[in-house]
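All remarks here apply to the structure that follows.
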Amino acid sequence: MIRVQAEDFDVGRELEQLCEGNHAIGGVCTFVGLVRDMAGDHSGDKAIQAMTLEHYPEMTEKALIEIEAEAQARWPLEATLIIHRFGRLEPGQRIVMVATASAHREAAIEACHFLIDWLKTKAPFWKLEETPDGGQWVDANAADDEAAGRWVEGKPAKTKPGAAE
Amino acid sequence: MIRVQAEDFDVGRELEQLCEGNHAIGGVCTFVGLVRDMAGDHSGDKAIQAMTLEHYPEMTEKALIEIEAEAQARWPLEATLIIHRFGRLEPGQRIVMVATASAHREAAIEACHFLIDWLKTKAPFWKLEETPDGGQWVDANAADDEAAGRWVEGKPAKTKPGAAE
Amino acid sequence: MKLLYFAWFREKAGVAQEQASPPDSVTTVALLVDWLKSRGNGYAEAFNDASVIRVAVNQEYVSMDYPVAPGDEVAFFPPMTGG
Amino acid sequence: MKLLYFAWFREKAGVAQEQASPPDSVTTVALLVDWLKSRGNGYAEAFNDASVIRVAVNQEYVSMDYPVAPGDEVAFFPPMTGG
């Protein structure tokens, strides 16, 4: 299911509804994106007071439906949810929620990761940050392109490089 | 923070409390494990009526604290939460919740994935499933060992193999 | 043809949406961009850096060589930053 | 020495916890397992397959060559299935 809305959402209630009555679900992975009070990843930590998300309504719904369908085609999912807000949001407020439910945790986690990576570069949203220097449009960044690109080629990952020290 | 309890928990409220007032958080990744009504991954889908989680109380808390500390040492996390239930649970009920909050989504998602993988093999819990044939202890499976093993060697993954068709 | 502008394309062009009637020779997105740039002022500035022009025709994300025709809805915007 | 048994170790041994006084020669987990097996019955069955014996000494997960001493808390259990 996808939703595009100005209003906030209740993560716990959304998850309840997503899983309700489906006892084939063994794991649910959720990602919630929040407005940070520092700008960008590489801009020297400039404080932001708020962020306004602009989008292209006629296209947004189509794009989210396509992204969700792609996840369902790639992983064995029992249920999926994408909620994306638009409008003016302040630090600490929720921007986006994606949730994926599956019999198996790997499928749920990978599909959740995929959804948020693809939303970053394939959903028609643009972010205007309010900073002490005025409004600044958030630039797309190379790391997001790279993250989205990981899911473009090859087969579903069975293993992934270890992360340890 | 870690908690070991018989009682259920409210995922939405836990996430609120985890992030409250910390505007450096840009993303929160959550995994919730639920009791499935089918047994195991490889047992031919035998129906289960309930599952009883036994644990080793004096060791459980220590083990969860160590696992959480490991995640915090490996990734730049603003907040982490592990809640693990014990006792008798029925299909659809929550078993476990892990949540990781970070400025950046990659850190949150990878750390969440790590936590649930390590809980599977390093937290002293054992599951007794009630089936039509009587009680059956859930075997540890090779896939879980492999999943946990991915995080043992090497450095934190900057990229991971694509998953596409 | 209906033209839409988002984010700083809207700010630079000075318009959120407009009806336009480019000449018949404008048969692709790239030719439409050239024609819009020729209007000068904000348009020239908006379309100055080809590397950050993204376009959707009838709400589908397309490349610069995609065909356009009268009646199409064509939207211009910078790289998307969803999520 | 306090011995604890979990999951099917508890069921097979027929006891959840007990006090035991193995001879002084029992200085490692592996030697303790041999001594327990020698009690026969449920113990022999519980410890029959070495590949599925997991052990914690004083609540720390350890290997079979780990030392044990009077006063330790030693727990036996199958591979963990948390999460």
Side-chain angles (χ1 to χ4, degrees), chain A residues 10-16 19-38 41 73-75 90-92 99 101 103-106 108-114 116-117 120 143 146-147 149-165, chain B residues 10-16 19-38 41 70 73-75 90-92 99 101 103-106 108-110 112-114 116-117 120 143 146-147 149-165:
Chain A
D10 179 323
V11 175
R13 209 184 50 183
E14 297 295 341
L15 290 177
E16 291 277 359
C19 299
E20 196 154 35
N22 184 344
H23 295 169
I25 295 173
V28 189
C29 191
T30 309
F31 182 87
V32 178
L34 305 171
V35 181
R36 293 169 60 204
D37 60 7
M38 297 295 175
D41 289 86
R74 292 184 188 204
W75 287 276
E90 295 181 354
H104 304 290
R105 76 181 184 288
E106 281 298 322
I109 296 171
E110 286 194 0
C112 181
H113 199 165
F114 165 84
I116 190 67
D117 279 354
K120 288 270 169 191
E146 191 190 299
R150 287 181 312 197
W151 305 100
V152 173
E153 287 170 15
K155 289 282 171 186
K158 282 256 169 67
T159 62
K160 97 185 213 199
E165 304 213 333
Chain B
D10 179 323
V11 175
R13 208 182 52 181
E14 297 294 342
L15 290 177
E16 292 277 359
C19 299
E20 196 154 37
N22 184 345
H23 295 170
I25 296 172
V28 189
C29 191
T30 309
F31 182 87
V32 178
L34 305 171
V35 180
R36 293 169 61 204
D37 60 7
M38 297 294 174
D41 289 85
E70 187 69 29
R74 292 184 188 203
W75 286 277
E90 294 181 353
H104 304 290
R105 77 180 183 289
E106 281 299 322
I109 297 170
E110 287 195 359
C112 182
H113 199 165
F114 164 84
I116 191 67
D117 278 355
K120 288 271 168 191
E146 190 191 301
R150 289 182 311 197
W151 305 100
V152 173
E153 286 169 16
K155 289 281 171 187
K158 282 255 168 70
T159 61
K160 96 183 213 201
E165 305 212 333

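Below, chain A is the first sequence line, B the second, and so on; all start at residue 1.
Note: A:Trp75 and A:Phe114 have tilted aromatic rings, judged against thresholds of 30 and 60 degrees for the angle between ring planes.
Panel note: side chain B:Arg150, backbone B:Asp117; no donor-acceptor pair is recorded below 3.5 Å. Judged purely by atom type and a 3.5 angstrom limit, A:Arg105 has no side-chain atom pairing as donor or acceptor with the backbone of B:Phe31.
Looking at A:Ile116, both its backbone and its side chain come within 4.5 Å of chain B, counting heavy atoms on both sides. Contact annotation for B:Cys19: only side-chain heavy atoms (C-beta onward) come within less than 4.5 Å of a heavy atom of chain A. At a 4.5 Å heavy-atom cutoff, A:Glu14 makes no contact with chain B through either its backbone or its side chain. In this structure, no portion of B:Glu20 lies under 4.5 Å from any heavy atom of chain A.
The candidate from B:Cys112, B:Cys29, B:Gly21 with the greatest count of non-hydrogen atom pairs under 4.5 Å with chain A is B:Cys29. When A:Ala147, A:Pro91, A:Ala108 are compared by the number of non-hydrogen pairs under 4.5 Å with chain B, A:Pro91 comes out ahead. Taking A:Val11, A:Val35, A:Ile25 one by one and counting their heavy-atom pairs under 4.5 Å with chain B, the maximum is reached by A:Ile25. In terms of heavy-atom pairs under 4.5 Å with chain A, the best-connected choice from B:Gly12, B:Gly26, B:Ala24 is B:Gly26.
Separating the NE2 atom in B:His113 from the NE2 atom in A:His113 is a distance of 10.0 Å, to the nearest 0.5 Å.
Using a 4.5 Å cut-off on side-chain heavy atoms (C-beta onward), A:Trp151 and A:Arg74 make contact. No side-chain heavy atom of B:His104 sits under 4.5 Å from any side-chain heavy atom of B:Glu110.
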